[in-house]
Structure formats: C-alpha cells, structure tokens
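Below is one structure, written out as structure tokens; comments come after it.
Nothing here was measured: the structure is a model prediction, and the numbers come from that model.
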Amino acid sequence: MTDEQTQELMAKFDPEAGHRRLTGIIGWIALAGLVGFSIFQLYTAIFGVFTAQLQRSIHLAFALGLIFLLFPASKKKLRDKTKGRFQVAWYDGLLAIIGVYVGMYWPLNFEELVFRVGRLTTLDLIVGFLAIVLVLEATRRVVGLPITIITSIFLLYAYLGPYMPGFLQHRGLSIDRIIRSMYYTTEGILGTPLGVSSTFIFLFLLFGAFLVKTGVGQYFNDLALVIAGKRVGGPAKVAIFSSALQGTISGSSVANVVTSGSFTIPMMKRLGYRKEFAGGVEAAASTGGQLMPPIMGAAAFLMVEFIGGITYWEIAKAATIPALLYFTGIWIMTHFEAKRIGLRGLTEDEMPNRKAVLARIYLLFPIVAVIFFLMSGTSVTRAALYAILSAIIVGAINKETRMGIGDFIDALANGARTALGVAAATAAAGMIVGVVTLTGLGLKLANSLVSLSGENLLLTLFFTMIASLILGMGSPTTANYVITSTIAAPALIVLSVPELSAHMFVFYFGIVADITPPVALAAFAAAGVSGGEPLKTGVQSAKLAIAAFIIPYIFVLSPELMMIDTTWQSLLWVLFTSLTGMISIGAGMIGYWYRRTHIVERIAAVAAGVMLIYPEGSTDLVGLGLFIALLALQLLIKQDEKKEVANA
C-alpha cells in the first residue's frame, strides 16, 4: 500500500486520522501550535505541572484551537478538489480562535475566578456555555458522533431530571448550575480524565512519536520476521508479534492495523491464508496491543487515578498474564489454522538478514527503560520523560536513525496531533463523570444492574460486558472506560469484586469492542487492507480473540490470574494451566490439533480449556484430565492414520 492509500484507509475507519494537510501560512501556524503544545507539556513535566485548572485549561486551549484548524466539519470537506490542496473554512478559523480564548479564560482570570468561589458573571456563563458546545463539536470532529451523542444525552439528563421515569428521576439542575459544574469545577470538562490527558497520556503518546522517528516500528516487523518468519504459517505469527509491540506505542487499534497490516496482511495472503483470516489475525493482534504492558492503552493511565492508591506498575503487572494469554491464544489458533490448510513458513530468501536485525537490538532499549523506571518506583511522568530521552539517544547511535532538527520537530508535531483525539475524548468524558457525580446516577445504575441480575455475579458480569461492548462500538477506548468505570464497575464492586479486577474487566471489553461485530472498526480497517468481506473479517477476529471474552470473567472470579494475593508457586501453576487451556481452546475453535477434530472433540476441547484457565484446584484437575485424554486420542488416531497410509 502507498502512503496515500494508508492515510485514506485510516481516515475512513479512524476519525482521529482524518485531518487536513495544511500548507502555506496556515500550515506554519498549525505546525507552530502542535510543536508549542508538545513543548508546553514537556516544560510542565520537567519543571512541575501548574494548578489543576491552569494545567488542564491550557491543554484544552491548545487542543480546541488545533482541532478546529486540522479537522473539518465534514470529511467531504477534507480536500478542496477544485484547488488541489487542503483548505480551512473561515468559520473553522473563527472556532479555533474562540476555542483558544475559552481555554485560556481560566489562566487569564484565575485569581478572580477563584476569589468569586462559584459566583459567576454573565461573561463567565457565556464562556462556560461555549466551552461545552466547543468540546462537543471538537469531539464529534476528531473522535466521532457516538461519544458526542452519549455526552449530550447525559447533559440533557442533568437538566430534565424531574421528567425522568422511575429510578432515573432526580431534582434536575438549572442551566447555570450545569455550566458552573461543567467548566468552573474539576468535576466536568476540567476533571480527572482531562487531567490525566494533560500529564501522563500526552507524554507517552509523544514517546510513541519519537520511537516511530527512530525506526522502531519497522524494526518490530524485522524482529518479528527473524523470530517467527520460518515457522508454520510464519507471516501470521509475524503479525501477532509485531502488532503486540506496535500496539504498546500506537494506542490505536485502527492505526496499528493499517500501519503493520499493510506489511503483514499481503504476506499472509501470498502464503495462502484466506483474506478474512489474514485480516482477522491482524485486527485481533493490533487490538490486543492496548492490553499489552508496559505501556498499554491510554485508559490504563486513567485507571491509576480512578482507583486511587495504586501505581501504574501494579496495573501493568496485573495485566501481564491476561495479555500473554490473549496473544498466546491468537498464536495457537493461527498455528492450528496453518497446519489445517498445510501452510509453510517463509523461505530464507523472504527473510531479512538475521545478523543485521539482531545488530539493531539496541532499538528496544527505550521499551526496556520504561519497564525499568516503572518497576523502580519512578513516577509515571518521569518514566515517560526518561523514555523519550532514551529514544533520542538510541536513535543517535546509528546514522540512519539519527534525528535531525526536522525529525525532532516532526516528532513533536506528530505526538501533539495524536493527542488531540485523547484530549477531546477525555474532556467530553469528564462531563459524563460530572453528571454522574452531580445526579447520583452511578449509584442508581449500579444498584439497578445488581437488582436486574438478582445479585448474581455472573449475570452482572454479563450485563456489564454487553454495556462495555455497545459503548465501545462507537466510543474510543478512553471515553468507553470512563463511562463504564463510572457506571458499570461500581455494580461489580458492590458484589465484592476487587476494585482492580472490576476496572480491568470493563477496560478489556471496551478494547475488544474494536473487533466485535457488527461495528468492529479495527476488523473493518483490516478488511480494507486485505480486500476481504468486512463482517466476515470481524467474525474471524472475534473468534481469534476468544481469550479476551473468557479471561476477564476468570480474573474477576479468581484474581490470582492478575497476581493479586498469590505466591510464586501458585503463579507458576496458574501459568501452566492457563497456557495449556489456551492450547485446548485453540484446537477446539479451529477444529484441528494433530488432525481434524470432530464436533464433540471440539466442544470437549473448549470445555477443558475453560476449566484449565479458571484457577481452582478441582477445575484444573478435571480440565487437565480431559486435556490429556483428548491429546492421547489425537495422537493415537494420527498414528493409526500414518500406519494406514504406510500400508497402502
């Protein structure tokens, strides 16, 4: 795929990628704004963040101004075909100026606003109203319509409380009160979600931009080829390995699919994989990148703030085994699929030079550095700063990856551009959290969810999963997590589920919504690369990612899987049984082990796998016994088939 085709595909399935390519004076203004945005974030990371309202409002001012310059009101207006170049409408320029003013209203009037303690003037109310409207419109442009509609519904709910039915009814809030809460407190637009965006998330997105500039993205592909290329069905395993690594720096399932998929999907097709299977492998692997420590998705940083009293490293550690099981499941199923249809690995001629690839292993140092700093107790902000510095240093080792002034400016601009979608989504999500807090909606919905399930934990988990998947079909991971952690996670906590397990449960299902039909954006993007049928690709990706639909239930029911309150001996046993379980599930889902399996064997294999993954003594023993019986049956029949062939 050409760069232009890649950009078009990303713009189609990922609203955050559908931005203008500005030229001339306006292009220089946008570039200066993007670079200035990154410099501001680096300055506050190095010398200390400002007061919450100031830090977050300046972050918002940059985001609003840049979004209205870079993202048109409609994708149809992205390119002015009559002039052959990208344009900015006059009203977008005006909205950009107003957006900057609204964001800077807090810094310009900080002492006065604090002194008045909530007593707002007419101008304050006008600015607050504009802030709400502009955030909604900016979110629509850069993130999409679904999250904008959801946020608007919550705001209407705050106002129309007395007219709501049943348990949803509340006293209702005046427009003045809504504006005051949404923009003049830290419980709305300037709430915790935007606070996390204006500190941790931005820096890690900037880290990702610097990694791309040092050539780490391409190195992931080369390293994956060396490790897995010659194995059975090599290209599919290359896709899994490289996408797992790419996902830790991209933070976007669609972006990961399009960038790494443009390399891996054609390779899989050439080897003999069906279009839909090739697209499904890439979509499932790319989506899982947000589940893979150490960096994970942006929502993981929000989890630190929402749970409280927990470090980011503890979250990354808890996510390690589930993430490994996720990718192991995809790896196993692609292996069985390759064996089933008789696919080979890559030849020596199709492989990169092994020595040359291994000679560049130092490019992985920034990833190792992040892990080290997070493990050593360094703050997340400092860990991100050191990681950025290590990426620059590592890139300087080789002339080909050494960054010049132009590359440095590009990295700053690209990091800021990537952060715009997160800033808009977290600002909108902050309003949802504000409404939930003001009206008590979270507790009402949590109690109603528990009542609906008859206080049955499994039913509550199921309803929570459905809610997370539905919200995730139209919302970015960040906003989805904010909503579900505010509304659904409390229902699980009411039923004595550990807080980390409850939050990780909604986090998982918010992410896998990207590969869950009928709206599976990552799978649809993969279909755009592979040429396969989108819905079939979505079904295939969901099938390959079956572990993601099982594992969250397991770590809620038995937190040992997340290394909570467990010993090393127990942990090793959990790893053994879980990996064995994934082999069994993979064989059952694909219908092949050492030979083709019958429907009864497939059902038994999946059942054995689920029992093995569930960390409990009795289920482990039953599952292991069934696994051994199925394995013995497979080997015996396979041996008999070989004898028959030999005798014939």
Side-chain angles (χ1 to χ4, degrees), residues 117-120 124-136 139 145-195 302 305-308 425-455 459-460 463-464 466-468 470-471 474-475 478-495 497 499 502-503 506 510:
V117 194
R119 296 190 300 276
L120 303 182
D124 294 339
L125 291 172
I126 291 171
V127 170
F129 175 76
L130 286 173
I132 294 170
V133 173
L134 290 177
V135 166
L136 289 173
T139 304
L145 193 58
I147 182 61
T148 310
I149 293 173
I150 292 169
T151 307
S152 301
I153 289 171
F154 272 83
L155 289 171
L156 283 172
Y157 171 75
Y159 180 68
L160 299 174
Y163 307 101
M164 291 290 107
F167 74 94
L168 292 174
Q169 196 171 88
H170 65 94
R171 293 175 60 185
L173 304 174
S174 66
I175 292 176
D176 286 10
R177 175 77 185 282
I178 292 171
I179 292 172
R180 182 183 297 109
S181 300
M182 291 303 108
Y183 196 57
Y184 294 102
T185 70
T186 53
E187 296 293 334
I189 292 172
L190 304 181
T192 298
L194 189 66
L302 284 167
E305 298 298 316
F306 277 29
I307 295 178
T426 50
M431 287 194 278
I432 294 172
V433 175
V435 170
V436 169
T437 303
L438 284 169
T439 61
L441 179 62
L443 185 59
K444 293 175 183 177
L445 288 176
N447 289 334
S448 65
L449 197 59
V450 172
S451 299
L452 182 64
S453 63
E455 298 189 15
L459 272 178
T460 307
F463 292 145
T464 304
I466 297 300
S468 300
I470 291 172
L471 287 166
S475 305
T478 311
N480 184 5
Y481 169 71
V482 170
I483 299 167
T484 52
S485 64
T486 306
I487 295 172
L492 303 181
I493 294 168
V494 165
L495 294 175
V497 172
E499 197 170 7
H503 281 259
V506 298

Testing the basics here: between Ser453 and Thr460, what is the closest heavy-atom pair and its distance to 0.1 Å?
OG-OG1, 2.6 Å
Flag if over 12 foreign heavy atoms under 6.0 Å of CD, Gln169:
yes
pair Leu492-His503: side-chain heavy atoms closer than 4.5 Å
no
First locate atom CD1 of Ile432, then atom CD1 of Ile483, and finally report the distance between them rounded to the nearest 0.5 Å.
3.5 Å
When rounded to the nearest 0.5 angstrom, what is the spacing between CE in Met431 and CG in Leu190?
10.5 Å
For residues 124-132, tabulate all N or O donor-acceptor pairs below 3.5 Å that involve a side-chain atom, not counting sequence neighbours.
{"from": "Asp124", "atom 1": "OD1", "to": "Tyr105", "atom 2": "OH", "distance (Å)": "2.4"}
{"from": "Asp124", "atom 1": "OD1", "to": "Arg116", "atom 2": "NH2", "distance (Å)": "3.1"}
{"from": "Asp124", "atom 1": "OD1", "to": "Thr121", "atom 2": "OG1", "distance (Å)": "3.4"}
{"from": "Asp124", "atom 1": "OD2", "to": "Arg116", "atom 2": "NH2", "distance (Å)": "2.1"}
{"from": "Asp124", "atom 1": "OD2", "to": "Thr121", "atom 2": "N", "distance (Å)": "3.0"}
{"from": "Asp124", "atom 1": "OD2", "to": "Thr121", "atom 2": "OG1", "distance (Å)": "3.1"}

Please report the interatomic distance CD(Glu187) to CZ(Arg180), rounded to the nearest 0.5 Å.
14.5 Å
Determine, step by step, whether Thr464 and Val506 satisfy the side-chain contact (heavy atoms from CB on, under 4.5 Å) criterion, reporting the C-alpha distance in whole Å, the side-chain angles of both residues, the deciding distance to 0.1 Å, and the verdict.
CA-CA 7 Å; Thr464 304; Val506 298; 3.6 Å; yes
How close do Ala479 and Ile147 get, counting heavy atoms only, and between which atoms?
CB-CD1, 3.6 Å
Return the OG1 to CD1 distance between Thr185 and Ile179, rounded to the nearest 0.5 Å.
12.5 Å
Which value, rounded to the nearest 0.5 Å, describes the distance between Thr439 atom OG1 and Arg171 atom CZ?
12.5 Å
Considering all heavy atoms, the nearest Pro490-Ser485 contact
CD-O, 3.3 Å
Would you please test Val482 and Thr192 for side-chain contact (heavy atoms from CB on, under 4.5 Å) and show each step?
CA-CA 10 Å; Val482 170; Thr192 298; over 6 Å; no
May I have the step-by-step check of side-chain contact (heavy atoms from CB on, under 4.5 Å) for Leu438 and Leu173, ending in yes or no?
CA-CA 9 Å; Leu438 284 169; Leu173 304 174; 3.8 Å; yes
side-chain contact (heavy atoms from CB on, under 4.5 Å) between Arg177 and Ser181, worked out:
CA-CA 6 Å; Arg177 175 77 185 282; Ser181 300; 3.8 Å; yes
Considering all heavy atoms of both residues, which atom of Val497 and which atom of Ala502 are nearest to each other, and what is their separation?
CG1-N, 3.8 Å
Per-pair distances, 0.1 Å, donor-acceptor, side chain in residues 152-164, under 3.5 Å, sequence neighbours excluded:
{"from": "Ser152", "atom 1": "OG", "to": "Thr148", "atom 2": "O", "distance (Å)": "2.8"}
{"from": "Tyr157", "atom 1": "OH", "to": "Leu168", "atom 2": "O", "distance (Å)": "2.6"}

Rounded to the nearest 0.5 Å, what separation is found between the CG atom of Asn447 and the CG atom of Leu452?
12.5 Å
